[in-house]
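The structure presented is a predicted model; accordingly, all values stated were derived computationally and were not measured.
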Amino acid sequence: MTEPLDPVPVDAELAVRDYFDAKTRRYLKRVITPDLIAEHRRDPHAQHRSEPLGRLLFYFKSLPVGQQYALRLTADGRYRITDIPRPGERPADVDATDYPDTASGLHGIFLRKINDLMGKHDG
């Protein structure tokens, strides 16, 4: 008679997702270079981008809402990066940096997400 297999933990799916997310973060951290950042700065809206930049942007877009940022138009026509609040809450500026246009603001969000990514532990 064989021994029964240990039951799969209820959160096995989460463990697998965390494992692959950590592998993805390790890969993305290696492809972040000054050239990749300059590529994004030149045209944050570019449809034709390098494969590493495309993967990084896809990862950033797939982050949960609580890890996303938005741009807020200020009274003087400049832009600030805000968090995305929970329903019923107001957005909060993440810092006091003003950006002259949406392209600059989007690049600011990109840099902030890189900073967030670099600070994450990868298992």
Whether E39 side chain and S50 backbone form a donor-acceptor pair below 3.5 Å: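 Yes: the side chain of E39 pairs with the backbone of S50.
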Quick check: closest heavy atoms across [X] and [Y], and the distance to 0.1 Å?
X: A103; Y: P44; value: O-CG, 3.5 Å
X: L106; Y: H40; value: O-CE1, 3.9 Å
X: I81; Y: G108; value: CD1-C, 3.5 Å

With a 4.5 Å limit on heavy-atom distance, are the side chains of R80 and D98 in contact?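 The answer is yes, as the side chains (C-beta and beyond) meet within the 4.5 Å cut-off.
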Y27 atom OH, neighbour heavy-atom count above 12 within 6.0 Å: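 More than 12 heavy atoms, drawn from other residues, nucleotides or ligands, come within 6.0 Å of this atom.
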Can you tell me how far apart [atom1] ([X]) and [atom2] ([Y]) are? Round to the nearest 0.5 Å.
X: R17; Y: D11; atom1: CZ; atom2: CG; answer: 11.0 Å
X: D18; Y: L14; atom1: CG; atom2: CG; answer: 4.5 Å
X: L71; Y: S104; atom1: CG; atom2: OG; answer: 10.0 Å
X: D95; Y: R112; atom1: CG; atom2: CZ; answer: 4.5 Å
X: K61; Y: F58; atom1: NZ; atom2: CZ; answer: 9.5 Å
X: I37; Y: H107; atom1: CD1; atom2: NE2; answer: 6.5 Å

Test of understanding: clusters of I, L, V, M, F, W, Y form through side-chain heavy atoms closer than 4.5 Å, transitively. Do [X] and [Y] belong to the same one?
X: I109; Y: L57; result: no
X: V94; Y: Y99; result: yes
X: Y59; Y: L111; result: yes

Compute whether any side-chain donor of one residue and acceptor of the other, for T33 and D35, lie under 3.5 angstrom apart.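 Their side chains do not contain a donor-acceptor pair, so the 3.5 Å distance test is not met.
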Intermediate values then yes/no, side-chain contact (heavy atoms from CB on, under 4.5 Å), R41 and F110: CA-CA 9 Å; R41 182 183 310 112; F110 177 75; over 6 Å; no
Provide the full list of side-chain hydrogen bond (donor to acceptor under 3.5 Å, both in side chains) pairs with a residue in residues 65-75, sequence neighbours left out, each pair given once.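 Listed by first then second residue: Q67-K120, Q68-K113, Y69-D116, R72-D93, T74-D76.
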Among L56, T24, L63, which residue meets the side-chain contact (heavy atoms from CB on, under 4.5 Å) test with L117?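 Single pass found, and it is L56.
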Under 3.5 Å, which donor-acceptor pairs link side chains of residues 84-91 to any protein atom two or more places apart or in another chain?
none

